Amino acid sequence: MSPASRFPRPTTSDITKTGVELPPEASESLDKELEFERVESREGRTHRLSTGVLIAIMAVILFFLLSKTSGKAHFAFTDALAGKELGTLTVSGFPIVLVSAIACLLASAAFFMGRSRHTLTVTAGVVAGVAIIIGFLSWAAAGRELPFQVAGQLQGTLSVATPLVLGALCGVMCERAGVVNVAIEGQMLTAAFAAALVGSMTHSVFAAIVAAIIASVLTAALLAVFTIKYVVDQVVMGVVVNLFASGLTGFLYTQLLSPEAEKYNTAPIMEAVPIPVLSKIPFFGPIFFDQTILVYIGFLCIPLVWFLLWRTKWGLRVRSVGEHPEAADTVGISVAGVRWSAVLVGGIFAGLGGAYFTIGTVGSFSKDITVGNGFIALAALIMGRWRPGLAAVMALFFSFVTQLSTELSTISAPMPSQFLLILPYIATIVAVAGLVGKVRSPAADGTPYIKE
């Protein structure tokens with residue numbers, strides 16, 4: 001909230017009510033002196049300009065792709081529930097890419113001129129995002145024989161996003177308490193292994209989820225004991241935990257799961273649970289409301305984390321020890337205890353995300369099955385400015401790009417297959433460097449607290 005909204009600007013009419021009469025020139029001068037201006041912070045200006053530059057670059061790329069766009073682009077809409085086609089949208093690629101490039105250019109200009117106009121920049125950002133997606137897809141699908149499967153893109157995005165969202169929420173919980181969690185990858189990896197092993201032995205999805213949570217919480221406890229109790233550098237310890245998890249699960253996979261896969265590596269796969277009425281909605285119903293329990297849990301955890309951190313006494317303590325642990329200690333809050341609880345609660349979310357890699361998809365474990373998703377979740381956390389809602393949006397962005405590489409390879413898009421494989425990671429680097437700019441993490445994030 002700006003100062004002007006908290007403290008309404010006094011006017012000459014307010015002064016007149018007091019019985020004091022002012023000459024016209026004095027009234028005009030007083031109005032100017034009393035007027036409050038919303039001053040843009042240096043970080044906000046850097047973020048706004050860097051975003052504008054990034055959008056301008058995307059506009060230039062679209063103009064370049066315009067010269068290589070020809071033919072019609074086909075987009076297929078399939079109703080998976082009814083098992084029938086809802087139709088195929090056919091558009092001319094060239095004008096769509098042209099309009100998208102112009103829209104990006106105008107959005108970029110809005111960012112450069114949008115000083116202190118939050119609504120304008122938000123609108124321009126949404127327009128630019130939609131234009132980039134539509135323009136890029138129109139170029140990629142133009143002239144292709146096979147249509148681009150919109151339903152497959154959305155379905156795959158949700159599937160890839162589930163562990164990323166849960167991993168990002170784990171990071172939000174830890175870093176709001178002042179503990180940098182680079183070990184999200186290791187937590188999800190141990191959880192995926194435990195879910196596969198216990199699920200295979202018990203043939204129970206519930207037991208597999210519980211085992212995944214326990215494994216992840218134990219890994220989180222390993223991080224907490226060294227970073228909170230023994231004050232080891234948090235980033236270094238996070239890397240060590242990741243290497244330990246990778247080595248341990250890789251060794252056990254080679255020695256136990258791989259030789260006896262039928263017994264120890266054939267976990268049950270979760271079945272989709274359609275939501276009554278909503279799952280019957282054409283096109284959108286089967287995509288969003290006919291998912292597994294872990295998908296529903298993953299997205300319900302977003303408001304849950306927000307509620308825990310911003311609407312509970314425990315959440316207030318978590319944020320206080322992440323911002324100013326000395327002040328929290330002076331009012332009787334146990335800094336170490338609160339940080340321990342936040343790291344362990346974060347381990348629950350990482351455990352659910354790790355379980356999705358096995359019982360939520362393939363039903364078996366393989367070496368390093370998480371393939372760097374923990375680090376992408378960390379990037380989503382930073383881009384989301386340590387807020388659960390924004391972090392989830394960034395996780396969806398990365399998931400969309402990841403699934404996009406799969407769908408584009410299916411229609412034989414005019415780009416090298418190697419580029420498609422690294423596309424999600426390029427998007428991660430560009431987004432973190434360009435969209436975030438300089439952001440402020442919790443003040444005590446990564447800083448150990450030693451009580452004197």
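Throughout, residue positions are numbered sequentially from 1 according to the sequence presented. These figures come from a predicted structure and were not determined experimentally.
- Classified by interplanar angle (parallel below 30°, tilted 30° to 60°, perpendicular above 60°), the ring pair Phe288/Phe284 is parallel.
- Between the side chains of Thr90 and His74, at least one donor N or O lies within less than 3.5 Å of an accepting N or O.
- Thr312 contributes a side-chain N or O that, together with a main-chain N or O of Gly315, makes up a donor-acceptor pair within less than 3.5 Å.
- Judged purely by atom type and a 3.5 angstrom limit, Asp290 has no side-chain atom pairing as donor or acceptor with the backbone of Ser279.
- Using a distance-only test at 3.5 Å, with no hydrogens or angles considered, no donor-acceptor pair links the side chain of Arg319 to the main chain of Ala177.
- Proximity of Val182 to Phe375: side-chain heavy atoms (C-beta onward) are separated by under 4.5 Å at one or more points.
- Looking at Arg176, its side chain never comes within 3.5 Å of a backbone N or O of Pro442 through a donor-acceptor pair.
- Checking Gln153 against Gln149 by side-chain atom types alone, no donor-acceptor pair falls below 3.5 Å.
- Remark: side-chain polar atoms of Arg48 are paired, donor with acceptor, to backbone N or O of Phe111 under 3.5 angstrom.
- Without hydrogens or angle criteria, Ser216 side chain to Met188 main chain gives no donor-acceptor distance under 3.5 Å.
- Pairing each heavy atom of Gly384 with each of Leu390, the nearest pair is O-CB, 3.2 Å.
- Using a 4.5 Å heavy-atom cutoff, the side chains of Leu222 and Phe244 are in contact.
- In this structure, Glu323 contributes its side chain and Ala443 its backbone to a donor-acceptor pair below 3.5 Å.
- Distance alone, capped at 3.5 Å, is enough to place a donor-acceptor pair between the Tyr296 side chain and the Val273 backbone.
- Looking only at distances, a side-chain donor or acceptor of Ser320 sits under 3.5 Å from a matching main-chain atom of Arg317.
- Using a distance-only test at 3.5 Å, with no hydrogens or angles considered, a donor-acceptor pair links the side chain of Asn373 to the main chain of Thr370.
- Asn181 and Gln187 share a donor-acceptor pair across their side chains, judged by distance under 3.5 Å alone.
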